[in-house]
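Here is the structure we will look at.
Everything numeric here is computed off the predicted structure, so don't read it as measured data. Below, each value reflects all heavy atoms present in this structure, side chains not excepted, and no hydrogens, waters or symmetry copies.
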Amino acid sequence: MNFASIERKWQRRWQEDRVFEPTIEEGRKKFFLTVPYPYMSGSLHIGHGRTFTMGDIIARFKRLQGYNVLFPMAFHVTGTPVLAIADAIRVGDQRVINLYKEYVRIYEDDESKVDAIVRSFAEPENIARYFADKTQRDFIGMGYSIDWRRKFHTAEPIYNKFVEWQFKKLYSLGLIKKGEYPITYSPMDGNPVGEDDIEDGDINKVTIMEFTAIKFEFEDGYLVAATLRPETIFGVTNLWIHPEATYCRVQVGNEVWYISKEAAEKLQYQKREIKIGECMKGTYFVGKYVKEPVERRDIPVLPADFVDPDNATGVVYSVPAHAPYDYQALADIKKDRNYLQKFGVTPEIVEKIEPIKIIDIENYDIPARDICMKMGITNQRDPRLEEATQIVYKDEFYSGILNEKCGKFAGIRINDIKDEVRGWLMEIGRADIFYETSRKAVTRNGHKVIVAVIQDQWFIDYTPSWWKERGHKLVDQMLFYPAKYRDMMHGIIDWLEKRPCARKRGLGTRFPWNREWIIESLSDSTIYMAFYTIAHIIRRENIPAESLTEEFFDYVYLGKGTAKDVARSTGIKEKIVEEMRREFLYWYPNDQRHTAPPHLSNHLAFFIMHHAAIFPEKHWPRGITLNGLMIREGAKISKSKGNVIPLAHVADRYGVDLFRLYCAVNADMDSVVDWRESEIAALRRRFNNFVALMEESVEAEPPETLGYEDKWLLSKFYRRLKESTNLFASLKIRDATINMLFHFMNDVKEYENMVGPERRRKLVRMIMEPWLLFLSPVIPHICEEYWHRLGHDTYVSLETLPEIREEYIDDTIEMEKEYVDSLLLDIQEILRVSKISPKDIYIYTAEPWKWEIFRAIKDVSPKDAVRTAMKIRKDKSTMELVKRLLKEKMKYYEMDEVKVLEREKERIEKRINATLHINADYDPKNKQRYALPLKPAIYIE
RNA sequence: GCAGGGGUUACCGAGCCAGGUCAAAGGUGCGGGAUUUAGGGUCCCGUCCCGUAGGGGUUCGAGGGUUCGAAUCCCUCCCCCUGCACCA
């Protein structure tokens, strides 16, 4: 059977018949499901596929439940990556060109065509358009039930107008602010740089460190040392400076700072009014004295090689009691008198320096000294000093307490005091902030990356309490699955502060109040689900972007003003304006947003907050569901690992239904699913078995009368159908599918063993329709195929859930089967252990009095069971019976054991190949006395 | 560091939130058998240890505790994974 062609056939027919293009039907319940649109910097792979697949499975299940389902999709192109790719291709970056050729080859065979297409990618629009087009094809090829009429991409003018509207709403609520902000920046390029622009930025992230720059009085100004541990200022004994590095006199506002040349250059990008004056070698400072800011003690400036002029200010202050580097440098210098003399420093200056201990901590005396001795470090160039620093820092941070040398901060834990010390130093004008990158970084072009402070950065200010309150309220009202994410979302909302919302580069929407800025990509995709409700009408009517004014959106989304006025001012027909308003009112709110957990702290938080700010409560989103990521053979899927499988290859290499089934079944929604070839093979076998069952029954006639075994299978089927319907409805898609597919297929196997394949064909035919219906959300193509081969001319994709035929669910029949099965198991175990080859098997059922006792104690607590039983039949054997019933944990069920055994006699005999004797008088080992109700005694010869 | 998640019988992976019916689903692998089976298919049985009668023993990262009873609840410890903003 060629699954790929079956899949394509149904996908084509769904498209042709516009099966997934819902229209509003007043009075019919609707369900509006969204999955975040993918970013179009390349083609998608199976890892992305999991989320869209789960979304589609949910959409399809909701249709089965009778909802009018809208499941739209669009494409995200906002931001710098697409732009950066276009730039790289334009300048002939071979690495990028090859990567994109790989992408394009997924879809094109002709190599010259590949070349041409990739060349066209020099224009970013072309990248967006090409991959949007191909991704749509991929999605159709995955069988997703998407309404494509509503698609758009985020650089389109009509979308820009929508985003502008959103920002105007936020602005009028006072949520758009302007201020300073530090970012990573390339002075050579004159641009901010993001992760994508930095060499190895994705592997080794560059973050921004906030150093405290502490000013030590020196000559006409300050020698400025930078630190990440401002609280150690109380223990300063000297400064370190690199003797060979260049330092400059810098005018900072009305102050004079002495810092390294590199630092001075960085400072130009961090502060206004910086003037770099004359420069000098580090030796100029060596041997001189500065005043520390707390007690204004004079401390010396000493030379040290470990100082990096290209890190922070290039000046370091020394706290030998607590910093292993400082301790060791001091020790080295004390040992090497010649070194000092080279710089004209008298050794006595150094001799006098003793560590000043300012932090009390258990198990340490002088922490820096202790750790150096413990680790055997004897030289300031020892690389283990880094580790030593980490250890001391960690211990001090968690359990260290500032001692009496620390003035008003004495007695406080480091943990709690860091920022306060800095605040205090800044207040008294002795400290400032100096930003530095967390590691040395260069752009992909090899240009240096520094931290710059943007002076007029636009922010969205998430701090207003009214806004957070609304956000929390929204979160409380919505469904979260898995539920644990609700608490997390509350935490995220609390944590949100100001967020830059515009950049100078990239594709997207221009900032309404300053056209030089582009609205940043996560800020432009917060409430766009609303845009889906009208996008197809905008297209159908060819409405120009200029008509999509603030007034227009105010009416359509918020009901402000009148359609008539909007029509007059925009030139859109009043009827059409009304239609869009109706469409929005019908579909909104977004009932469920399905995505993956990485979106939680960014996109989903903004999604919630922006809805909370802009829309009335009745249009707040109703639910968020999340599935875990997909990995492959235990490893993360990534281009750099070379283990990517494009979505476009799924159909041919695996089969779409198989992929969907894997997504549904191979892991719980919230855990990681591992795409492993060995598991796929196993799943394929079982999927094929299912298909074979269908194939063998599609032409069969259902049975005319029902026997005991038939009733058993029907009971199993409808019981599982009932369970699985509930499981699915509560989003336990995995459990529902396993139950309905694998567990039930095992039932069918069992059934076939009892009745043979002919009968099985007939019986399966009887339940084929409900079975196909139920499985259709997960494996829609094969279900559609057999649905039609059964003669239906509707689409299984538009059907409703099968009826649960309660009349077939039969406890008695199932219990009787379990009874016989457990008897068989017992017999087989005896045979295995005793190694007898049986000729005759004697079964002794429990005597009536045992049943009487069983009945009597079925609802009695174990404690009172014996007493209750003894009232009925005062005998030692009664007590023994009760004890055994309790021990075996026998569950009460009324049954005529003999009748069942007589009925099943032949089957049991066939199964174990021996003659069965029921309650015969022959009982040489006196076994009957061991018989329990529902657990007969057995004797074998 | 902060936050979240996890460690289950050869492997993957359920169960644990609502403690007992859990030696612990299902699959894979492995062993045995069946099928007029010859290449991987399907079906049955077994797969922690012991056991010539359906039974017993020891397990669910380590160590404690609560309970008549814990893989499941509480505490401590060890190990692993993910996210932490201006980036889509």
Side-chain angles (χ1 to χ4, degrees), chain A residues 36 38-41 76-82 181-184 192-198 201-202 205 207-208 393-394 397-398 415 454 457-460 462 482-485 487-488 491-492 495-503 506 520-523 525 597-603 605-606 628-629 631 634 636 665-668 670-674 676 678-679 681-683 685-686 688-689 692 734-735 738-739 741-743 746 749-750 752-753 757 822-836 862-863 888-891 911 925 927 930 935-940:
Chain A
Y39 189 72
M40 286 296 103
S41 60
H76 200 198
V77 299
T78 308
T80 49
V82 166
Y181 202 77
I183 52 160
T184 44
V193 290
E195 197 175 297
D196 307 298
D197 307 310
I198 295 171
D202 46 341
K205 241 185 126 166
T207 57
I208 293 171
Y393 179 69
K394 202 176 153 203
F397 188 78
Y398 291 108
N415 208 339
I454 301 291
Q457 174 70 52
W458 292 94
F459 292 92
I460 297 173
Y462 288 101
K484 64 182 175 186
Y485 291 117
D487 284 342
M488 217 181 273
I492 290 163
W495 158 88
L496 283 173
E497 289 177 13
K498 285 183 184 169
R499 181 173 202 281
C501 61
R503 303 188 70 185
E520 173 278 328
S521 65
L522 283 169
S523 306
S525 50
H599 276 144
L600 228 36
S601 67
N602 43 59
H603 167 67
F606 307 143
L629 299 174
I631 58 175
K636 207 162 147 176
V665 148
N666 261 57
D668 273 349
D670 61 332
S671 54
V672 173
V673 65
D674 193 352
R676 302 197 311 169
S678 63
E679 296 286 322
L683 190 68
R685 277 202 292 276
R686 299 205 279 165
N688 288 346
N689 290 347
R734 177 177 197 262
D735 294 335
I738 286 177
N739 191 36
L741 192 56
F742 302 143
H743 291 174
N746 285 344
K749 248 189 247 175
E750 176 70 16
E752 184 174 341
N753 287 334
S822 80
L823 177 65
L824 275 168
L825 237 52
D826 280 347
I827 294 170
Q828 276 159 348
E829 173 148 12
I830 293 167
L831 293 176
R832 189 171 59 250
V833 174
S834 66
K835 300 189 173 75
I836 296 170
K863 278 180 197 150
E888 300 274 345
K889 290 161 189 150
M890 298 299 293
K891 209 169 70 190
R911 186 72 167 261
K925 291 272 168 75
K927 288 283 184 188
Y930 297 120
K935 191 172 171 62
I938 303 161
Y939 175 70
I940 301 175

Roughly, in whole Å, what's the span from CZ in A:F742 to C1' in B:rA25? 13 Å
What distance, rounded to whole Å, do you find between the two C1' atoms, one in B:rU9 and one in B:rA25? 13 Å
My understanding is that only residues two or more places apart in sequence, or in another chain, count here; which of them pass ring-ring contact (aromatic ring centres under 6.0 Å, His included) with A:F742? none
So if I define the base as every atom that isn't primed, P, OP1 or OP2, how would nucleotides 41-50 of chain B read as a B/S/- string at a heavy-atom cutoff under 4.0 Å? SSSSSS----
Closest heavy-atom pair, A:I631 versus A:K636, reported as atoms and distance to 0.1 Å, is CG2-CA, 4.2 Å
Output the rounded distance in Å from OH (A:Y485) to C1' (B:rA3). 12 Å
From CD1 of A:I830 across to C1' of B:rG51 the rounded distance in Å is 13 Å
Just jot down the side chain to side chain donor-acceptor pair (under 3.5 Å) partners of A:D826, sequence neighbours excluded, or say none. A:K935
Are A:L522 and A:R499 side-chain neighbours, meaning at least one heavy-atom pair lies under 4.5 Å? yes
Partner nucleotide, any strand, of B:rU58 [Watson-Crick/G-U, under 3.5 Å]: none
If you measure from the P atom in B:rA23 to the same atom in B:rU58, how many Å do you get, rounded? 13 Å
Expressed in whole Å, how much space separates the C1' atoms belonging to B:rC77 and B:rG26? 34 Å
For A:H743 and for A:N602, locate the closest nucleotide of RNA chain B by heavy-atom distance; then report the residue assigned to the nucleotide nearer the 5' terminus. A:H743
Checking all strands, does A:S41 fall into the base, sugar-phosphate, or nothing category for heavy-atom contacts under 4.0 angstrom? nothing
Tell me the closest heavy-atom pair linking A:P597 and A:Y485, and the distance in Å. CG-OH, 3.5 Å
State, yes or no, whether a side-chain contact exists between A:D674 and A:N666 at a heavy-atom distance under 4.5 Å. no
Taking the side chain as every heavy atom from C-beta outward, state whether A:T78 and A:S525 have any atom pair closer than 4.5 Å. no
Would you please name every residue forming a salt bridge (charged side-chain N to carboxylate O under 4.0 Å, His left out) with A:K484, sequence neighbours left out? A:D670
Expressed as a whole number of angstroms, how long is the span from A:M488:CE to B:rC2:P? 16 Å
5'-most contact on RNA chain B (nearest-nucleotide basis), A:L683 vs A:P182, goes to A:L683
Write down the distance between CH2 (A:W495) and P (B:rA3), rounded to a whole number of angstrom. 14 Å
P-based separation of B:rC2 from B:rU76 [nearest Å]: 15 Å
Considering only atom P, compute the distance from B:rC16 to B:rG20 and round it to an integer number of Å. 8 Å
If the C1' atom of B:rG29 is compared with that of B:rC11, how far apart are they to the nearest Å? 7 Å
Distance, P atom - from B:rC44 to B:rG6, rounded to whole angstrom: 35 Å
With sequence neighbours left out, write down each residue that passes side chain to side chain donor-acceptor pair (under 3.5 Å) with A:Y930, or none if nothing qualifies. none
Go ahead and name the base partner of B:rG40; Watson-Crick or wobble counts if both distances stay under 3.5 Å, otherwise write none. none
Work out how far the C1' atom of B:rU8 is from that of B:rA24, and round it to whole angstrom. 9 Å
Output a table of nitrogen or oxygen pairs between the protein and nucleotides 10-15 of chain B separated by less than 3.5 Å.
residue : atom : partner : partner atom : Å
B:rC12  : O4'  : A:R676  : NH2          : 3.3
B:rC12  : O2'  : A:R676  : NH2          : 3.4
B:rG13  : O2'  : A:R734  : NH2          : 3.4

Which base sits across from B:rU9 as a Watson-Crick or G-U pair, both distances under 3.5 Å? none
